[in-house]
Structure formats: structure tokens, C-alpha cells
Novice: 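Take this structure, written in C-alpha cells, and hold onto it; I'll ask about it next.
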2 protein chains.
Amino acid sequence: MALIEQPSANRASKPRPDDGRLLRGKRSRERIRKAARELFREKGFDAATLRAIAARADMGASSIYRHVQSKHELLVLDLADLQEEAWSNFRQNDDRQSDCSARVRSFFRNQHRLLAEEPDLTVISIRATTYPEARVARRVLALNDRTIGLLAEILMQGRMRRDLDRNVDVLAAASALFHVATGARMSWANGLLTEQGCRDAIDASVELLFVGMQPRTDAS
Amino acid sequence: MALIEQPSANRASKPRPDDGRLLRGKRSRERIRKAARELFREKGFDAATLRAIAARADMGASSIYRHVQSKHELLVLDLADLQEEAWSNFRQNDDRQSDCSARVRSFFRNQHRLLAEEPDLTVISIRATTYPEARVARRVLALNDRTIGLLAEILMQGRMRRDLDRNVDVLAAASALFHVATGARMSWANGLLTEQGCRDAIDASVELLFVGMQPRTDAS
DNA sequence: CGTTCTATGCGATCCTGTTCGCTTAGATGG
DNA sequence: CCATCTAAGCGAACAGGATCGCATAGAACG
């Protein structure tokens, strides 16, 4: 459990960036991640055997576990990268002055464009959260929270600009947006929606969350 | 793949309810499901070994696969039962004259009460949908669709009563409601929300979907 | 009764993620 | 140079879900 309790005293294990062993380890990690990523893309997560990954990374299968806690983690690491990329893409094209719901839609489209290239990312990261005891589950949830946080930020700005009602609980709204998008992506992953259909469904849900379902006095 | 292509001609295999073999099979199926259900409750899905289930059902492990396509299916069968129960409970206490959002909330509370007793049901059924090629995935999605359909029905009635705006896409709204609830339950399953917190989160999301986020002219 | 067909059952086996105990290689300290 | 420590690596083994080929029992049919 507790890999390193405490360095017992001031035996302070300095990281020492020139340690040959650590460098080797780092290079191995890179090889593993590269191999995994390639094989995931080629065959999909489930068909990409750990032994195959290990072979391509030129090492024994069990050695992988020196660097990674589970196969899921290999994918979740990519998810983290990709999210980072999606966020930075979004920020670059983001116009903070534009309409709040437009920004949210742009956010999701951005994310979706990247996810669409690697369908396993969505599906497997969700699968990972169905192993609640596992470390990876927490990590995925943390990533989700960051996404939700970003959405909340957008909403918050919208609320300040009076695009949104001032009583809206932005965090609840953000997580609702997130879950709705995730749900649509699951349908897509299961072949119930085309990619376009998935995007449309997300857009529709966003729209819905913005305007609500109750009758409105002003005619549409 | 194709288990039974076609009875080749009019060799019409009548079901014959008095076939001793079929009866035996039926009894076995019952034993398996009972054993599975018990062990799932006792140890949880992941810790309940197929071999253990088989032992309790008093048969070889491989025999189980004569009656079931995968371990997931054993759980999903229960999910189907439970949903049926939740729906009938809901219908009994449902007042079709009452407010639409109240009905939706009552629907979810009903469902949640049953799910809370068997936490694996939510989690594992979601996991099952992360194996898109598998039969079980489709089945879970079909169950979800039924739930969504029921929600849509409630919304439809609300729309007729003018509780909802007449332009609302009830199906989109229903699936949004569903996904939001599922998301909250996943947080609960992962220990991020207490059971009460989960219920509250669902209520809040329902509320949000009803009123929307845009500023409203009439003061709250 | 004998033949054939099929639903059910079983043990052996496979596959794959993961763990274990041991070894190796490089660092550290004397 | 030697003792010691530790990150990294390895092959063997384990565990658990699933598959395979064969066996059995009951039905159908002549």
C-alpha cells in the first residue's frame, strides 16, 4: 500500500537527476508509452495485449509494472495528455467575449475532435471508473473534475456577463454538462450514434440546459 | 456467431414445454442466477468468482456458459428485474396529476432506493457498456433506453399540461436527465458522494434542466 | 429396439492481467 | 576495492474469465 511511508528521518533521498538507473527507467517508460499508444491505435485497447506491448517496447511483460500500475493507466495517461491538448486548443480559439453557450459548445467540439480519433479513450476511461478501489479510477475522476472545473469557469464568466441567471449553481451546471456529453459519447462508442449525431446530441443537450424546459414567456 | 441460422426448412422446432432437458436447463438457470445473486451481494461482483458461483449452483464452471454469455450478463439480468420493480413501484405511487418535475424526481428517488441496496448494479452495468462488441452492452443500452422512454413519457405528459415549453424535445431532455443521474451515481459509487449527496445532486440537476440557466424575467 | 439429434454438463485448456522472488546494474559510502 | 542499497528487469507462476472437445441424457422417429 504505502510505497514509501516516510524517508524515516532526514535520510532525504535527493532526486539526483543524473542517476543512471533513473534515466534508464525514464527511457523505458517512454518506450512503453509509445508502444502502448501505437498498439492501442492499431488494435484497440482490449486487443492490445500487455505482452505485445512489452515485446514492442523490448522488455518483459512484468517489467511494465515497474512503471505503471495497470493497463488502464497506460491509456489514462494518454487521456490526460489529450485533455491538456484539448484545453490549450480551446484557449487559443476561445473568445472570452462571445456568448457563453457558444463557448461551451466550442469547448465540447474541441474535445470531441480529439477524442474521435482515439475512440478507446472515452470508453476505457469510463471503464476505469468502474473499478472504484483502483488508483486509476481516482485519476480519471480527477481529470473529469478538471474538465468540470473548466466548464464551471466558462459558466462563471457567463454569469458575470449576465448571460446566465445569477442564481445558477455553476458547479452543478458544469457537471451536468459534462455528464450529458459523456453519455452521448457512450452512445457513439456503442454505435448508436454517428459521430455527427453525437455532436448534435451534445449541442442539443447544451442548448437544453441553457434554456431549460419550462415554458418561456418570450416567444422563441 | 449465428447460433441458429434458420431451422433450414419447416422442420419447425416446436418449443415443447414438456421436454425434460429443457426443464433441467431451466432449473439450472435458476440455480445459477440465485447463486450469482447471492454471491454478488456477499462479496461484490468482482470478488464473486465464476468458479465460486458454479460451485454454489452445484455445477461445473464451464457449464454456466450454456446458459449465459458472460459474467456481466448475470448481473444485468438482475438489473432488468430491478428496473421492472422500480417502474412498478413508481407507477403505484405516481400521481399523474402532479407537477412534472416532482414526478421526475420521484421517479429517480424510486430507482435510487433500489439501486442503493446493490451498489454493483450501477457500476457493473456501466462497465458492461464499455465492451461495445459484447451482447450485454446492447442489452444494458436497451434497458437504459427503456428508462429514457419512461422519462420521456412523463415529460410528454408534462408538456401537454403546459408544465413544459411546447418546443421541448422530450427525448433529448429525457436522455439528458438519465445521463445526469447516471453521472451522479458514478460519483457515489466512487465514494465522492454520500448516498444523500447523490440524491441531492440528482435533484439539483433535474431542477436545473427544468428551469435552465438563462436569466429569467420572473423573479424566483 | 436402434439410430439420430440436441440440450446440458464437464474437465482440460487457453488467454491475459497481475504478482512474486530473484537477479542485475548502477549509485553511495567507507 | 568492498559492502550495501535500490531502481529496474526478468521468467515463472497465479487467478479468473472464457473456449473446446467430448460425454451424457433425454427426445424423436422409424
Side-chain angles (χ1 to χ4, degrees), chain A residues 1 3-4 7-8 11-32 36 39 43-55 57-75 124 127-128 131 133-136, chain B residues 1 3-5 7-9 11-32 36 39 43-55 57-75 124 127-128 131 133-136:
Chain A
M1 274 295 115
L3 287 178
I4 296 169
S8 65
R11 192 140 77 75
S13 55
K14 300 165 193 172
R16 273 282 185 155
D18 59 326
D19 187 325
R21 299 172 297 180
L22 299 183
L23 283 177
R24 183 158 64 119
K26 194 169 186 181
R27 270 192 289 270
S28 295
R29 236 158 308 178
E30 276 158 18
R31 266 169 21 240
I32 291 170
L39 278 166
K43 313 193 164 200
F45 182 85
D46 288 321
T49 304
L50 254 166
R51 285 164 175 87
I53 296 172
D58 203 41
M59 60 192 319
S62 58
S63 307
I64 290 187
Y65 285 84
R66 286 270 173 233
H67 304 284
V68 141
Q69 293 200 333
S70 73
K71 190 185 176 190
H72 281 147
E73 183 174 351
L74 283 173
L75 199 101
I124 309 299
R127 188 188 297 169
Y131 294 89
E133 347 68 50
R135 289 268 167 84
V136 218
Chain B
M1 275 296 117
L3 286 178
I4 296 169
E5 284 283 358
S8 67
R11 194 140 77 74
S13 55
K14 300 166 194 171
R16 272 283 185 153
D18 60 325
D19 188 325
R21 296 171 298 179
L22 299 183
L23 284 177
R24 183 157 65 120
K26 192 169 186 181
R27 269 192 288 270
S28 295
R29 237 156 309 179
E30 275 158 17
R31 267 173 17 241
I32 291 170
L39 278 166
K43 314 194 163 199
F45 183 84
D46 288 321
T49 305
L50 253 165
R51 287 165 173 87
I53 296 172
D58 203 41
M59 60 193 318
S62 58
S63 308
I64 290 187
Y65 285 85
R66 286 272 173 232
H67 305 284
V68 141
Q69 294 201 332
S70 73
K71 191 186 176 189
H72 282 147
E73 183 173 352
L74 283 173
L75 197 100
I124 309 299
R127 188 189 297 170
Y131 294 88
E133 349 67 51
R135 290 266 167 83
V136 217

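Computation of the quantities below employed the complete heavy-atom set of this structure, encompassing side-chain atoms and omitting hydrogens, waters and symmetry-equivalent molecules. Reminder, nothing fancy here: chain letters follow the sequence lines and each chain counts from 1.
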Novice: I need the CG-P distance between Leu22(B) and dA25(D), as an integer number of Å.
Specialist: 17 Å
Novice: Would you indicate which nucleotide in dA18(D), dG9(C), dA8(D) comes nearest to any side-chain atom of Ser28(B)?
Specialist: dG9(C)
Novice: So does Arg24(A) reach the base of dG26(C) with its side chain, donor to acceptor, closer than 3.5 Å?
Specialist: no
Novice: Can you tell me the distance, in whole Å, between the CE atom of Met59(B) and the P atom of dT24(D)?
Specialist: 17 Å
Novice: Any side-chain heavy atom of Leu50(B) sitting closer than 4.5 Å to one from Tyr65(B)?
Specialist: yes
Novice: Identify whether the distance between the nearest side-chain nitrogen and carboxylate oxygen of Lys71(B) and Asp46(B) falls below 4.0 Å.
Specialist: no
Novice: May I ask you to decide if the ring planes of Tyr131(A) and His72(A) are parallel, tilted or perpendicular, using 30° and 60° as cut-offs?
Specialist: tilted
Novice: Just the rounded figure in Å: distance from P of dG9(D) to CZ of Arg51(A).
Specialist: 18 Å
Novice: Of the listed nucleotides (dG11(D), dG17(D), dG11(C)), which one gets closest to any side-chain atom of Ser62(B)?
Specialist: dG11(C)
Novice: How long is the line joining CZ of Arg27(B) and P of dA25(D), in whole Å?
Specialist: 16 Å
Novice: Just by modelled atom types, is the Arg24(A) backbone N or O under 3.5 Å from a matching donor or acceptor in the Ser28(A) side chain?
Specialist: yes
Novice: Could you work out which one of dT8(C), dG9(D), dT19(C) sits closest to the side chain of Arg66(B)?
Specialist: dT8(C)
Novice: Whole Å only: how far is the CD1 atom of Ile64(B) from the C1' atom of dC20(D)?
Specialist: 17 Å
Novice: Can you measure Asp46(B) atom CG to dG16(D) atom P for me and round it to whole angstrom units?
Specialist: 11 Å
Novice: Give the rounded distance in Å between these two atoms: OH of Tyr65(A) and P of dG9(D).
Specialist: 15 Å
Novice: Which part of the nucleic acid does Thr49(A) contact within heavy-atom distance under 4.0 Å: base, sugar-phosphate only, or nothing?
Specialist: sugar-phosphate
Novice: Side-chain contact test, heavy atoms from C-beta onward, threshold under 4.5 Å: evaluate it for Thr49(A) versus Lys43(A) and give yes or no.
Specialist: no
Novice: Please state how far atom CG in Asp58(A) lies from atom C1' in dA8(D), giving the value in whole angstrom units.
Specialist: 14 Å
Novice: Ignoring the backbone of Leu50(B), work out which of dA18(D), dG17(C), dC22(D) is nearest its side chain.
Specialist: dA18(D)
Novice: Counting only side-chain N and O atoms of His67(A), is one of them less than 4.0 Å from OP1 or OP2 of dA7(D)?
Specialist: no
